[in-house]
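Letters go in sequence order (proteins before strands), and every chain restarts at 1.
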Protein chains: 2
Amino acid sequence: MSLESVPPKYAQLVQTLQRRIEAGDYPPGTMLPSENQLIQEFGVSRPTVVAALRVLREQGWIESQQGKGRFVRGRPALARAEQPRPGHAYLTTPETGSPGEVLEAGAQAVPNRVAALLDLPAKSRAFLRRRLVVRDGEPSEIVSFWLPLELSEGTDLTSADALADSIRGHLQARKGVRVDHIIEQITARMPSTDEAKRLGMPKNTPVLDVYAAVRDASGRAFVVVNVLLPADRHELEDAYPISSAS
Amino acid sequence: MSLESVPPKYAQLVQTLQRRIEAGDYPPGTMLPSENQLIQEFGVSRPTVVAALRVLREQGWIESQQGKGRFVRGRPALARAEQPRPGHAYLTTPETGSPGEVLEAGAQAVPNRVAALLDLPAKSRAFLRRRLVVRDGEPSEIVSFWLPLELSEGTDLTSADALADSIRGHLQARKGVRVDHIIEQITARMPSTDEAKRLGMPKNTPVLDVYAAVRDASGRAFVVVNVLLPADRHELEDAYPISSAS
DNA sequence: GGCTCAAACTTGGTAAAACAACCTGTCGGC
DNA sequence: GCCGACAGGTTGTTTTACCAAGTTTGAGCC
C-alpha cells in the first residue's frame, strides 16, 4: 500500500555515498571507487552513477579530475556561507532578544550615504530607529535602521520599547515586502564624541561602520541597517569556499 | 590549427539561451520552447538539451514543471556572491598585475594572532612576505603573507621582484597544497607610525585590518594573508542572497 | 450542453553504447 | 640510464532508445 513515491535511483546513490563519507568509509583525501566499480556494486547504469556523482561534486562533497579519479573532500561544512553576517543578524533577531535602549525613533534628514543606498534625493527625510545594544552589562554597539517614510507608516517602529518581532518579520507581515539579498559595505572611522561617550570607548579607538542595504528581488533597497562596532571589542568574521576551478 | 578547445555543445546551448533571455527573446514569465523544439532547432540530442536546461535551472534562470514546461525567470539576481573578497583576491592575483614594492621577504617571529591561525607555537618563526601595493601612483595598501617555514622552502617567495605567478598558483605547483576555503577576520585599529608613514595616511585615520586564513580541505591553515587598508580610501563590500525559508 | 476519458503533449529517469580527453604506469629502443 | 611510445585505466561528452509521471486538450458519450 505504500503510495509513497520511491526516490530515484541516483538520489539513493547520493545518499548512500554521503553516508559512507560521513561514516569514514571514504576518508577525505582518498579516492572514491571508479564509475565502473560503482556500476558493479550497485547494479545501475553509468548515467545513473554519473548523475549521482555530479550532484556530489556540485554540492562540494567530492572533486573530480579527468583521467585520475574522484577525490573525497568531506562534508561541505560551509558550502553556503551560513555564518551570521551583521546586516542579516540585526534584521532577523527580535530586539527583545538582547537588552538595550532605544535612542531615536522618528523622521530625520538622511545622511548622504543612506540616501544613495535607498535611492532617495539628497537631504530628504526618512524614518530612523536607533538602538544602543547592551551586552554583559556594557554598551556594545549602536544599530540604526533607515526606512523610507511610506514604509514606516502603520508599523510599531516608533515604539520606545524593544520590539518582540524582528524588523524583517515585522515588515513582511505589515507591508508585504520580501527580502531577497543584502549588500554590505564595511568601513572604519573615528567615532564622534557623542558616539564614543555612548559606547564608553577608550581614547583613540576606531569603530567598524557597517552599512547593509536590504533589497528585494528587483534590486530596490527598502531598508538600510547601520551597525557601529567599537573595534577594540568586535571583529567581523566571514568564511567562504574556494572553487577548485578558478 | 586552432588548438583552442571548443566548449561542449551543452555549454554552448546554455550560453545561447542565456543571451536570448537577456535580449528579451524569451521574456520572464513566458514558456521556453519545449525539449523537442530545441532538439530540432539546434540539431542535438535530447540528453544534451536536458543537460543545458538543468544548468539553467540550477543557476536560477528558469523553473520547470513536469507536464507543463519550463518558465523563464530572468537573469538570476546574484546567484552566488561572486564579489572578490580581499583574501581571495590577493591570493590569486599575480604581483606583476599591480605595481608595488617588496618590503620584507624572510623569516620572522610571528605575531600572536598569526601564530594562532597557523596553529604554530607562540613566538615561533615563520616566513613573511610583505608588499606595499601602489595604485594610481600612490601607496594604497600593505599585503603580508605568512607561511610556515617548511612551506616557503623551494619557492621564489624570497625574491625582491614581483612574482609573475599568484601565490596560490605558486604554492599549488611547487608544494602541492590545495586551497579549500578561507576564513576572514576584519578588524579596525590605528596604524603604527611606520605604517602611517609608508601608506602616506592623514592624521587620526584608522586602518581596516583583514586577516585571511587560507585552509585546505582538512581545515588546516597553511597561509595567512593580512591586508592593511587605510579607511579613508578603502571599504569592503559583500553581497549575499537571503534564503526565503529562514 | 456537460461530463468522462483517452490521446497527445510536456518533463523526469534509466539503460546501453561509443568516442574523446586525460593520467599513469610499463616496455621498448636509444 | 634515459626517453619516448604505447596500453590500459580514468572521467567527460554525446547519441539512441524506452518508460514513467504530470498536464492539457479534445473527441465522444450521456
Side-chain angles (χ1 to χ4, degrees), chain A residues 1-17 20-21 26 28-73 243-246, chain B residues 1-17 20-21 26 28-73 172-173 176 178:
Chain A
M1 290 304 159
S2 83
L3 290 181
E4 310 149 15
S5 58
V6 293
K9 284 188 186 177
Y10 79 93
Q12 297 178 30
L13 226 183
V14 167
Q15 275 209 326
T16 301
L17 294 177
R20 289 191 182 177
I21 291 175
Y26 302 146
T30 63
M31 267 186 53
L32 222 57
S34 74
E35 293 180 3
N36 277 324
Q37 288 173 304
L38 292 174
I39 289 169
Q40 294 216 342
E41 176 177 355
F42 293 95
V44 295
S45 72
R46 184 164 176 241
T48 303
V49 170
V50 170
L53 294 173
R54 178 176 44 73
V55 172
L56 289 176
R57 187 185 49 187
E58 285 168 353
Q59 292 186 355
W61 290 78
I62 62 176
E63 279 178 25
S64 57
Q65 287 184 42
Q66 195 176 23
K68 294 188 70 172
R70 295 183 159 93
F71 298 87
V72 180
R73 289 188 54 178
S243 67
S244 60
S246 74
Chain B
M1 291 299 172
S2 84
L3 291 181
E4 308 150 17
S5 58
V6 294
K9 286 187 186 177
Y10 78 93
Q12 296 179 32
L13 225 183
V14 168
Q15 275 207 326
T16 301
L17 294 177
R20 288 192 183 176
I21 292 176
Y26 301 147
T30 63
M31 267 186 52
L32 224 55
S34 73
E35 294 179 2
N36 276 325
Q37 288 173 303
L38 293 174
I39 289 169
Q40 294 216 341
E41 177 176 356
F42 294 95
V44 296
S45 71
R46 181 162 178 253
T48 302
V49 170
V50 171
L53 294 173
R54 178 175 44 72
V55 172
L56 289 176
R57 186 185 49 185
E58 286 168 354
Q59 291 185 357
W61 290 80
I62 62 175
E63 280 177 21
S64 58
Q65 272 180 261
Q66 196 177 23
K68 294 187 72 172
R70 294 184 160 92
F71 297 87
V72 179
R73 290 189 51 180
Q172 186 162 334
R178 294 183 64 85

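For the pairing with A:R70, the side-chain hydrogen bond (donor to acceptor under 3.5 Å, both in side chains) check across A:E35, A:E63, A:Q65 returns one residue only, A:E35.
Residue A:K68 has no polar side-chain atom (N or O) positioned under 4.0 Å from OP1 or OP2 of D:dG9. Considering only side-chain N and O atoms, B:N36 lies under 4.0 angstrom from the phosphate OP1 or OP2 of C:dT10. The phosphate of D:dT10 has neither OP1 nor OP2 within less than 4.0 Å of any side-chain N or O from A:S64. The phosphate of D:dT16 has neither OP1 nor OP2 within less than 4.0 Å of any side-chain N or O from B:S45. The shortest distance between the side-chain N/O atoms of B:Y10 and the OP1/OP2 oxygens of D:dT14 is not below 4.0 Å.
B:I39 has its CD1 atom 11 Å from the C1' atom of D:dT15, to the nearest Å. Between the P atom of C:dT11 and the CD atom of B:Q66 lies a distance of 10 Å, rounded to the nearest Å. In this structure, CZ of A:R57 is placed 14 Å from C1' of D:dT10, rounded to the nearest angstrom. The nearest whole Å value for the distance from the CD atom in A:Q65 to the C1' atom in D:dG12 is 14 Å. Distance CZ (A:F42) to P (C:dT14): 14 Å, rounded to an integer number of Å. One atom, NZ of A:K9, and another, C1' of C:dA15, lie 9 Å apart when rounded to the nearest Å. Distance, B:E35 CD to D:dT15 C1': 15 Å, rounded to whole Å. The distance between atom CD of B:Q40 and atom P of C:dT10, rounded to the nearest whole Å, is 10 Å.
Within the 4.5 Å cutoff, the side chain of B:I62 has no heavy atoms near those of the B:Y26 side chain. In this structure, A:W61 and A:L17 have side chains that are not in contact, with every pair of non-hydrogen atoms separated by 4.5 Å or more. Looking only at side-chain heavy atoms (C-beta outward), A:V50 and A:L53 stay at 4.5 Å or farther from each other.
Among the protein residues, A:R54 comes within range of no part of the nucleic acid, since none of its heavy atoms lies under 4.0 Å from any strand. Using a 4.0 Å heavy-atom criterion, one finds that B:V44 contacts the sugar-phosphate atoms exclusively.
Remark on DNA chain C: of its neighbouring residues A:T48 and B:R70, the 5'-side contact belongs to B:R70, judged by nearest-heavy-atom nucleotide.
For C:dG13, the base has a donor-acceptor partner in the side chain of B:R46 [N/O atoms by modelled type, under 3.5 angstrom].
Within 6.0 Å of the CD atom in B:Q40, the count of heavy atoms belonging to other residues, nucleotides or ligands does not exceed 12.
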